[in-house]
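Notes follow the structure.
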There are 2 protein chains.
Amino acid sequence: MHVDEVDELLSIRAAELYYEENKTQDEIGQALRLTRWKVGRLLAQAKQRGFIRIEILHPRARRLPIERRLREERGLADAIVVSTAGVQSPEELQERTAQAAADYLTAIRPVPRTLGVSWGRTLFEISQHLRSGWATGVNVVQINGGVSLNRRPGTAAATAVGIAQKGGGSATLLPSPAILERLATKEAIESDRVVAAVIELARSADAYLFSAGAADHSSVHVESGYLSPADVDVLVQKGAVGDIVGRYIDSDGNIVDPALDARTVGLTLDELRSAELAVAVIAGSAKHAVADAVVRSGLCSVLVTDEATALHLLNG
Amino acid sequence: MHVDEVDELLSIRAAELYYEENKTQDEIGQALRLTRWKVGRLLAQAKQRGFIRIEILHPRARRLPIERRLREERGLADAIVVSTAGVQSPEELQERTAQAAADYLTAIRPVPRTLGVSWGRTLFEISQHLRSGWATGVNVVQINGGVSLNRRPGTAAATAVGIAQKGGGSATLLPSPAILERLATKEAIESDRVVAAVIELARSADAYLFSAGAADHSSVHVESGYLSPADVDVLVQKGAVGDIVGRYIDSDGNIVDPALDARTVGLTLDELRSAELAVAVIAGSAKHAVADAVVRSGLCSVLVTDEATALHLLNG
DNA sequence: GGCCCCGTTGCTCATGTGAGCAGGATCACC
DNA sequence: GGTGATCCTGCTCACATGAGCAACGGGGCC
């Protein structure tokens, strides 16, 4: 039996007594016939070698070391990473992330006067998790088209209005479909006085809050009727990994289908990229690829995500 | 937002800074605008409410609090519980437990002069994990019959001999099948001078080491040809949960089939029960029921097992 | 409205713990 | 077999932490 092996075993015995039995290092020393300094070193060793895992089990728990790595290694201004410890379902993960996004939004200083938001399942959940009074007099403006064509009419509007109301302000909706069938129609809509004014307001926002969609049939665009499942398949074939504010991007963050993009109403990706504060909220294993594209191509300055996604960004 | 809720969130934030960022309570106090005493209380609260989980990730890690509960609540003289943290396969669990049993055997003081052992997969693994020189001059004696009928001839012998050799002593084998077809044959064998002497020696052992088998087709008795799968089915129907030293017991620790039992060679259950030191080594989810029966009916004074089995004993 | 009770707060003090350091053992290499 | 480098040990000291305690304050009850 090698010396290192003996030390390893001893460090495990010491860790058991220290962490499970709450003994002092001195007591452990007496029990194992070691000086208390040796015990301290064994415990430090056990930690350093990764034998000790400390987890914070709570829906609101975050992973600060991973957040730091995201800031440092991926150049983000800020990162919020929720813990996946104890998560039972994808829905729970989604909820934790939405909660964290709501927390982050609430904590932004100075409080944004104008906030640009996209819409979708994630944004809606965030709006629900916000507390009344999270801001005072915030003006919420939609940054991409979102009049639902078939199901769930008004969730886009409900999201923006909800965020605004709880923030003691008003919402400015973008009265336009997300994607139009013909380019001419899209240009006509954008030149409409009201629509143009909303987009202009969106461009002037202090901060943006948006999510990302995965490029698959579960997309909100498919659900809302803007794209058919077959359309999505074609996009995937062209390299699409997901969409941001209705615009499909590849793994480098570039527009996949310029023609489609030209028919999409709302802020452009470059306008997002040049924003001072662009908060992306992306969670779930289905969105690992989009999250990666978004962060790589600088589409957001702040990312709110879950631990698994964050680790994917760091190791992938 | 209720006060308790605020405190809960604060304790999570504090825990993140304390355990993940290694800040001092004082630093955390400054960051969260609290006194360091408040921080200390929040951390204590987080621990006490179970938000903090500390795990020792190591094949040799044990669960001392569960061992204590087994001793106190189930009246065992001693209990060894190996951690299941990070276990990938049932084989790994089995190996960890065998290793722990070998460790326990090595640590018994005074060193037993005569050790009675059963045989089987578990015992064989224990013999392999023992280190040469674990004892000096130990006499190992088989406590139940075990001349394999078909496959793997000699593992029973190899186990006893291995334990003896590594302990610097000799092995005394029980030259008899485990179960005989006819009662008369069994009685004849037991009256044989050599066999009788071995059993007499077994009765005088200072300590016993044995495992338990589950009552299913994977049993060593089936594998060795002493019982057919159909025989086992019948036993199960009669309430058998497993076997100890070849004897099938029900959930109360009583012999299931007295006729069969009468044809089984080796120590009786009552002889085991009255032993000073009887160490049972039982691991794996298939053996939860037997483990329970063994402990309930006082068949062992010391139990070596895994965390999941131990929790089954405590909660079931 | 006054009073009491109980939970919370910020403290003192004792204990627990980690950093850094000098002496000593160990090992490889000459 | 000598010698130097390196690691390890047991220490001092400074800091971090938990226990216990008095003062405070808020809420319920008379």
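Residue numbers begin at 1 in each chain, while the letters A, B, ... track the order of the sequences.
To the nearest angstrom, P of C/dT17 lies 18 Å from NZ of A/K38. At whole-Å resolution of the value, CZ in B/R33 and P in C/dG10 are 14 Å apart. One interatomic measurement links the two molecules: CD of A/Q45 to P of C/dG18, which rounds to 14 Å at whole-angstrom precision. Summarising the geometry, the separation between CG on B/L34 and P on C/dC11 is reported as 13 Å, rounded to the nearest angstrom. Between the CH2 atom of B/W37 and the C1' atom of C/dC13 there is a distance of 12 Å, given to the nearest Å.
Set against C/dA19, C/dT17, C/dG10, the side chain of A/R36 has C/dT17 as its closest nucleotide. Of all nucleotides listed (C/dG18, C/dG10, C/dT17), C/dG10 comes nearest to the side chain of B/T35.
The phosphate of C/dG16 (OP1 or OP2) has no side-chain N or O of A/Y18 nearer than 4.0 angstrom. Between A/Q25 and C/dG18 there is a side-chain N or O to OP1 or OP2 distance below 4.0 Å.
End-to-end axis angle of the helix from C/dG1-D/dC30 to C/dC30-D/dG1, from C1' rotation axes over five pairs per end: 20° (rounded to 10 degrees).
When the nearest nucleotides of DNA chain C are assigned to A/R41 and A/K23 by heavy-atom distance, the more 5′-ward of the two goes with A/K23.
With 3.5 Å as the limit, one finds a donor-acceptor pair spanning the side chains of A/D103 and A/Q99.
The outermost nucleotides of DNA chain D lying under 4.0 Å from heavy atoms of chain A, listed 5' to 3', are D/dT9 to D/dT12.
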